[in-house]
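Some notes on the structure that comes next.
All values reported here derive from a predicted model rather than from experimental measurement.
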Amino acid sequence: MDTPLSTIAVVGLGTMGTGIAEVLALAGREVIGIDISEAAARQAVTSLEASTARAVARGRITEQERATALARFRTSDTLRAAAGAELVIEVVPETYEIKQQVFRELDAIVSPAAILATGTNALSVTRLAAESQRPERVLGLHFFNPAPAMKLVEVVSSVLTAPPAVEAVTQLARELGKEPVAVGDRPGFVADGLLFGYLNQAAAMYEANYASREDIDAAMKLGCGLPMGPLALLDLIGIDTARTVLEAMYAASHDRLHAPAPVLGQLSEAGLTGRKAGRGFYTYEAPGSQTVVPDALTPSPEAAAGEGRPVGSVGVAGSGTMASGIAEVFAKAGYTVVLAARSQEKADVAKGRIAKSLERSVSKGRLTAEARDETLGLITAAGSLDAFAEVDLAVEAVAEDLEIKQQLFATLDKVCRPGAVLATTTSSLPVIAVARATARPEDVIGMHFFNPAPAMKLVEVVRTVLTADDVHATVRAVCAKIRKHPVDCGDRAGFIVNALLFPYLNNAIKMVEEHYASLDDIDAAMKLGGGYPMGPFELLDVVGLDVSLAIEKVLHREFRDPGLAPAPLLEHLVAAGCLGRKTGRGFREYARR
C-alpha cells in the first residue's frame, strides 16, 4: 500500500468537499471532484477560482501558482472518474445508506491499492469499512471547516485498517500543512466528541430558560476566551448536523449528556437549522448570511433594568489574588474601596499586590503614574470587617468554603448599614445558602468575577429567589461603571461558565482514561479544531486539579447526572497531591521555580 497519493478524488462538492479539493490542488495533487449535481460541480469551480484569487490578492500565492492549481482540478458527475485515484475522500451526506452506496460502487472502480477515506464525523468508520471488499484500506480522514484554514485533521483507524494506509494519509496530511491526530473509531472522535457534548449542554441550558442566548454566548466567549459562543456555533455548524452527531454519540455512549436537547429536534423539524436557513437560535439577514438581525428574543437596549441603589464606596473582603484584583478594578473605576482581611498585615500585603499590579501597568504604558497614585489612594487596607460600616456594596472574595462564607456574611449582616448590597464571588456554592446566613437575604446577590479580575471582562450576576429587583439593578449598573460585561443567571451550581466548561474538561479526562487519545493529541485537537486558547489538560493544570475536582463534585451533587461524576483519574491525581502547575505536577510535569 506504499503509494504517493498524487491523484486524489473528492466525492461530494459541498463546502467541505470544495475546501478539501482546494487544499489538495494547492499542494500539488491532481484532484478529481465528483458530484452528481452539475450545479454543485460548477459552484465548486467558481468557489475555487474565487478563493485562489483572494489568496493571490493577499500575497499568499502567486498568479502562476493559482493557474497551476486550477489546472489540477477537474470535475465529473460519475464515480467512474475516480478509477485512477490512489486516494478517494468521500464527503457526501451524513447517512450510512449514501456512504455505503458510494463505497460499494468504488470497490468495483478503484485500484486494489487505493485508499478509501470517509470524511464522517458521526458515523462508524468500522461499519462503513465492513461493507467494503477490502476493509483494510478504509479509514476516516476528518477535516475541519473551513478546510483551507483549519490545521487539524483527525486520522481515524478502525480495527480493520492496515497501518500502511494510516501512515500514507498521515504523511499526506503533513504535506498539506496540516496537523494529523491519530484517533480510534467512535462517534465524534476527539474534537467533535468533546465539542458537541458542550454544545448540547448549552442548548439544554437555553431550553431550560436559565439564561438568554446572548448571555450564554457572551459568558463562554468572555469567560473562556472562545472565538464563538456555543449557540452561535450551533447555528454555524447547522442544528440538524449537530443533532445527527449527538444521536450517533448517544447511541454509542448512552450518556445523557449526549442525548440531543429537545430544542435541537424542534428547530431541525421546523427547518430552522441555523445560518444556512437564515434562522436557528438567532435570526440572520438572509439564508447563508452571518449577519444577525434583531428578532422577538433580542433584548431591547431601551429596556430599563430598574432603579438601583447609589454606590459610592465598596468593601472587598479577602486577601488573595481575587480579592486584590477586584479591589483594583473598583478603585480604577473611581470607587473608594476598603480592602479588609483577617489581619492588618494580610490587608497590607494585599494592597501591596495591587501596587505592584498598577506599577506593571505604568511600565507597559497602560496607566499614567498619576492614575496609579490616584487609584492606590482610593484603597484603604483594614484588618477587620468593622471597616465596612459605611460601604454601599460589600463583595466577599474569601475561600470557596460554604461555612466560611456563611460566617462572613453573618458578620457583614451586623456590620454593614441597612440598604447596603452584599455580594458573594462564589463560583460553585449556592448563593441562597450564603444569603440565609443574614437577616436580609433580599440584599444578597452573586457577583462572580473571573481571574485575573483586572483583565477578565465577564461578571456572572446571580440572583436568588429572594434577591430584590433594585439589588439586581444596582449590580448591573456597577458592572457597567467598572467596564465589565454582566450576564444574568439563576442560582444553581456552576452558573453558566463552569456548568458548561467542567463537564467538557471531565469528558476529556475520560478519553485519556479509556486510552482513546493522548493528552497531547486531545489538547492539539481542541486548539486546532475548536479554536480553544488552551487545550483541556493545559487548562486543568492552570486552574488546579483540586479546584476542578471540587467544582465537578458540586455539579454532580446538584444535577445528579451519572455523566457528571468526576473522572477517577482526576480524583487519583488530587489524592496524590498532583494539583497542576502550582505543585509542579498535574497531568503534566512543570519545572520548579
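Residue pairs satisfying the salt bridge (charged side-chain N to carboxylate O under 4.0 Å, His left out) criterion with at least one member in residues 222-241, sequence neighbours excluded, are listed as follows: D240-K276. Judged as a salt bridge (charged side-chain N to carboxylate O under 4.0 Å, His left out), the pairs with a partner in residues 92-105 (not counting sequence neighbours) are, in order, E90-K99, E94-K99, R104-E131. Sorted by first and then second residue, the salt bridge (charged side-chain N to carboxylate O under 4.0 Å, His left out) pairs with a member in residues 484-498 read R476-D488; sequence neighbours excluded. Counting only residues at least two apart or in different chains, ring-ring contact (aromatic ring centres under 6.0 Å, His included) contacts with residues 194-213 comprise Y206-F281. Every pair passing side chain to side chain donor-acceptor pair (under 3.5 Å) that includes a residue from residues 527-538 is listed here, sequence neighbours excluded: K527-E538. Listed by first and then second residue, the salt bridge (charged side-chain N to carboxylate O under 4.0 Å, His left out) pairs that reach into residues 194-220 are R213-D295, sequence neighbours excluded. Under the side chain to side chain donor-acceptor pair (under 3.5 Å) criterion, the residue pairs touching residues 172-197 are R29-E175, N121-D192, S124-D185, T126-D185, Q171-E175, R186-E514, with sequence neighbours excluded. The ring-ring contact (aromatic ring centres under 6.0 Å, His included) pairs that include a residue from residues 154-183 number zero, where partners must be two or more places apart or lie in different chains.
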Distance-only check: which donor-acceptor pairs under 3.5 Å involve side-chain atoms of residues 219-228, not counting sequence neighbours?
none

For a quick test of your reading: what N or O donor-acceptor pairs under 3.5 Å do the side chains of residues 255-267 make, sequence neighbours left out?
from : atom 1 : to   : atom 2 : distance (Å)
D255 : OD1    : L257 : N      : 2.9
H258 : ND1    : S253 : OG     : 2.8

Using distance only, find each side-chain donor-acceptor pair of residues 552-571 under 3.5 Å and give its atom names and separation, not counting sequence neighbours.
from : atom 1 : to   : atom 2 : distance (Å)
E558 : OE2    : A493 : N      : 3.1
D561 : OD1    : G563 : N      : 2.9

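Heavy atoms only, all atoms of each residue included: A117 and L87 are closest at CB-CD1, 4.1 Å. Shown here for V156 and G184, the closest heavy-atom pair between the two residues is CG1-O, 3.5 Å. Closest of all the heavy-atom pairs between A423 and M447 is CB-CB, 3.9 Å. Minimum interatomic distance between F495 and S428 (heavy atoms only, all atoms of both residues): CE1-N, 4.4 Å. Taking all atoms of both residues into account, the shortest heavy-atom contact from E154 to F144 is OE1-CZ, 3.6 Å. The heavy-atom pair separating A114 from R137 by the smallest distance is O-CD, 3.0 Å.
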**OP:** Please step through side-chain contact (heavy atoms from CB on, under 4.5 Å) for the pair L139 and S157, ending with a clear verdict.
**Re:** CA-CA 5 Å; L139 46 71; S157 302; 5.7 Å; no

Original post:
Under the side-chain contact (heavy atoms from CB on, under 4.5 Å) criterion, do E460 and N498 qualify, and how do the steps go?
Top reply: CA-CA 11 Å; E460 290 178 318; N498 286 347; 6.0 Å; no

Subject >> From CA spacing to verdict: side-chain contact (heavy atoms from CB on, under 4.5 Å), V190, Y516 >> reply: CA-CA 8 Å; V190 171; Y516 177 64; 3.7 Å; yes

**OP:** Test side-chain contact (heavy atoms from CB on, under 4.5 Å) on L172 and I8 and set out the steps.
**Re:** CA-CA 11 Å; L172 170 68; I8 300 172; 4.0 Å; yes

Original post:
Taking it one step at a time, do T244 and T241 satisfy side chain to side chain donor-acceptor pair (under 3.5 Å)?
Top reply: CA-CA 5 Å; T244 298; T241 301; over 6 Å; no

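Rounding to the nearest 0.5 angstrom, the gap separating the CG atom in L231 from the CD1 atom in I216 is 5.0 Å. For the atom pair CG of L501 and CG of L540, the computed distance is 8.0 Å after rounding to the nearest 0.5 Å. Atom CD of Q201 is separated from atom CG of L500 by 7.5 Å, given to the nearest 0.5 angstrom. Distance check, rounded to the nearest 0.5 Å: OG1 of T120 to NE2 of H142 gives 8.0 Å. The line from CZ of F143 to CD1 of I20 is 5.0 Å long, rounded to the nearest 0.5 Å. The CG atom of D521 lies 11.0 Å from the CZ atom of F537; values are rounded to the nearest 0.5 Å.
Residues V459 and V475 have side chains not in contact (no heavy-atom distance under 4.5 Å, counting atoms from C-beta outward). Using a 4.5 Å heavy-atom cutoff, the side chains of I115 and L5 are in contact. A heavy-atom distance below 4.5 Å is found between the side chains of D541 and Y590. A 4.5 Å side-chain heavy-atom check between P148 and V23 finds at least one atom pair inside the cut-off. Counting only heavy atoms from C-beta outward, the side chains of Q406 and R436 never approach each other to under 4.5 Å. Two residues are said to be in side-chain contact when any heavy atoms from C-beta on lie closer than 4.5 Å; I445 and V431 fail this criterion. Looking at heavy atoms from C-beta onward, L199 lies in side-chain contact with L233 at the 4.5 angstrom threshold. Proximity of V497 to F450: side-chain heavy atoms (C-beta onward) are separated by under 4.5 Å at one or more points.
Residue-environment remark: CD1 (I98) exceeds the threshold of 12 foreign heavy atoms within 6.0 Å.
The backbone N or O of G580 sits less than 3.5 Å from a side-chain atom of T583, completing a donor-acceptor pair. In this structure, the side chain of D35 does not engage the main chain of A40 through any donor-acceptor pair within 3.5 Å. Between the T273 side chain and the S268 main chain, no donor and acceptor come within less than 3.5 Å of each other.
Considering only residues two or more places apart in sequence or on other chains, S212 meets the side chain to side chain donor-acceptor pair (under 3.5 Å) condition with none of them.
With 3.5 Å as the limit, one finds a donor-acceptor pair spanning the side chains of S158 and T161.
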